[in-house]
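For reference, the structure discussed in these notes is given below.
Read the numbers this way: they start at 1 and go in the same order the structure lists the ligands and their atoms.
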Amino acid sequence: MKPTLTIRGFDVFRGYLDAAKQREIVGNLRSVIRTAPLFSPETRWGKKMSVQMTSAGKYGWFSDRRGYRYEEHHPNGGAWPPIPEAILRVWHEVSGLERAPDCCLLNLYRASAKMGMHQDRDEADFSWPVVSISLGDDGLFRIANEERGGKTESIWLQSGDVVVMGGKARLHHHGIDRIRSGTSTLLQNGGRINLTMRVVD
Ligand code: MD3
Ligand code: FE
């Protein structure tokens, strides 16, 4: 399948998930959150992130003053729930990989939440792609370079969009500048959910 557009090596599949599929996935996520409640991680500098998170899969992403890492347990001590089938299907379809991801990280952005520019480098092998699914309100996604600084490009990600970050793009800096509230009715309380599937080991 061909991406709608490619921006700095990121393949964007616009409207990949129709409304019914998006609702199915949101239903699955409600059960994930019941088992593994959302929390706001602390950065290395002890500041609470504005994004709320949880995970599904063998590993979940976690952060506190000790640093960024993957953990086999939720901060409440329980195992992370399995990654829902409908989400795994998207990974296999767009990546073409047989191997399943080890982690599905769920980021919830309420109206004023954002995510600063960063690289994802807590995984062991950067040759595996990362696949992202956007649900709910539009989010302004900013893409920079592998090196710090330099020119950036932005695109609005909408509910149902899927993005594949592989190859050289895997180590590009990126972030979410802002959320456009009220652009989607998918989530009862508004906001934006982003799912990222990763191979961790
Ligand atoms: C490029 N999430 O969870 S998704 C993240 O919308 C993250 O919540 C953003 O950055 C969000 O780490 C952006 C797009 C994305 C995700 C992972 C990447 C881009 C990526 C990993 C490597 C390179
Ligand atoms: Fe990231």
| Should Glu42 and Lys47 count as an ion pair when the cut-off is N to O under 4.0 Å? | no
| Stepwise side chain to side chain donor-acceptor pair (under 3.5 Å) check, Tyr70 with Glu123 | CA-CA 8 Å; Tyr70 286 95; Glu123 303 77 21; 2.5 Å; yes
| Measuring from the heavy atoms of Val163, does anything fall under 4.0 Å of ligand 1? | no
| Heavy-atom nearest neighbour in the protein, as seen from atom 9 (C) of ligand 1, with distance rounded to 0.1 Å | Tyr109 OH, 3.7 Å
| query | Do any N/O atoms on Arg170 end up under 3.5 angstrom from N/O atoms on ligand 1? | reply | no
| field | Polar contact flag for His172 and ligand 1 (N/O pairs, less than 3.5 Å) | value | no
| task | Before accepting this row, confirm whether a basic side-chain N of the pair Asp137/Arg192 lies closer than 4.0 Å to the acidic partner's carboxylate O. | result | no
| In ligand 1, which numbered atoms sit nearer than 4.0 Å to a non-hydrogen atom of Ile176? | 6 (O), 9 (C), 11 (C)
| Any side-chain donor near an acceptor of the partner, Arg148 and Gln119, under 3.5 Å | no
| said: Does this structure show an ion pair linking Asp161 with Arg14, if we count only N-O contacts that are shorter than 4.0 Å? | reply: yes
| request: On the 0 to 90° scale, with breaks at 30° and 60°, tag the Phe39-His74 ring pair as parallel, tilted or perpendicular. | output: perpendicular
| query | Under 4.0 angstrom from ligand 1, any heavy atom of Gly175? | reply | no
| request: Can you sort out which atoms of ligand 1 are near Arg198, meaning under 4.0 Å from one of its heavy atoms? | output: 3 (O), 5 (C), 12 (O)
| Taking distance alone, with no angle check, do His118 and ligand 1 share an N/O pair under 3.5 Å? | yes
| request: Measure the spacing between NE2 of His173 and CD of Glu146 and express it to the nearest 0.5 Å. | output: 8.5 Å
| Which residue and non-hydrogen atom of the protein lie closest to atom 7 (C) of ligand 1, and at what distance in Å? | Met115 SD, 3.6 Å
| Same cluster for Val200 and Phe62 if Ile/Leu/Val/Met/Phe/Trp/Tyr side chains link at under 4.5 Å? | no
| message | Between Arg198 and Asp201, does the salt bridge (Lys or Arg N to Asp or Glu O under 4.0 Å) criterion hold? Intermediate values first, please. | response | CA-CA 9 Å; Arg198 303 128 186 277; Asp201 279 329; over 6 Å; no
| atom 1 (C) of ligand 1 - nearest protein heavy atom and its distance | Met165 CG, 3.2 Å
| field | Angular separation of His118 NE2 and His174 NE2 about the Fe ion (ligand 2), given to 10° | value | 90°
| query | What N, O or S atom of Asp120 is found closest to the Fe ion (ligand 2)? | reply | OD1
| Closest non-hydrogen protein atom to atom 4 (S) of ligand 1, residue and atom name please, with distance? | Asn194 ND2, 3.4 Å
| Proximal ligand 1 atoms for Arg192, defined as those under 4.0 Å from one of its heavy atoms | 6 (O), 8 (O), 11 (C)
| Subset of ligand 1 atoms that lie under 4.0 Å from at least one heavy atom of Ala169 | 23 (C)
| field | Minimum-distance protein heavy atom relative to atom 13 (C) of ligand 1 | value | Phe141 CE1, 3.7 Å
| field | For the student: nearest non-hydrogen atoms of Gly57 and Trp80, plus distance | value | O-CB, 3.3 Å
| message | Could you tell me if Ser63 and Arg69 have a donor-acceptor pair between their side chains, going purely by distance under 3.5 Å? | response | no
| Looking at atom 2 (N) of ligand 1, what's its closest protein heavy atom, distance included? | Asn107 OD1, 3.6 Å
| note | Taking only non-hydrogen atoms of Leu105 and a 4.0 Å limit, the atoms of ligand 1 in range are 3 (O)
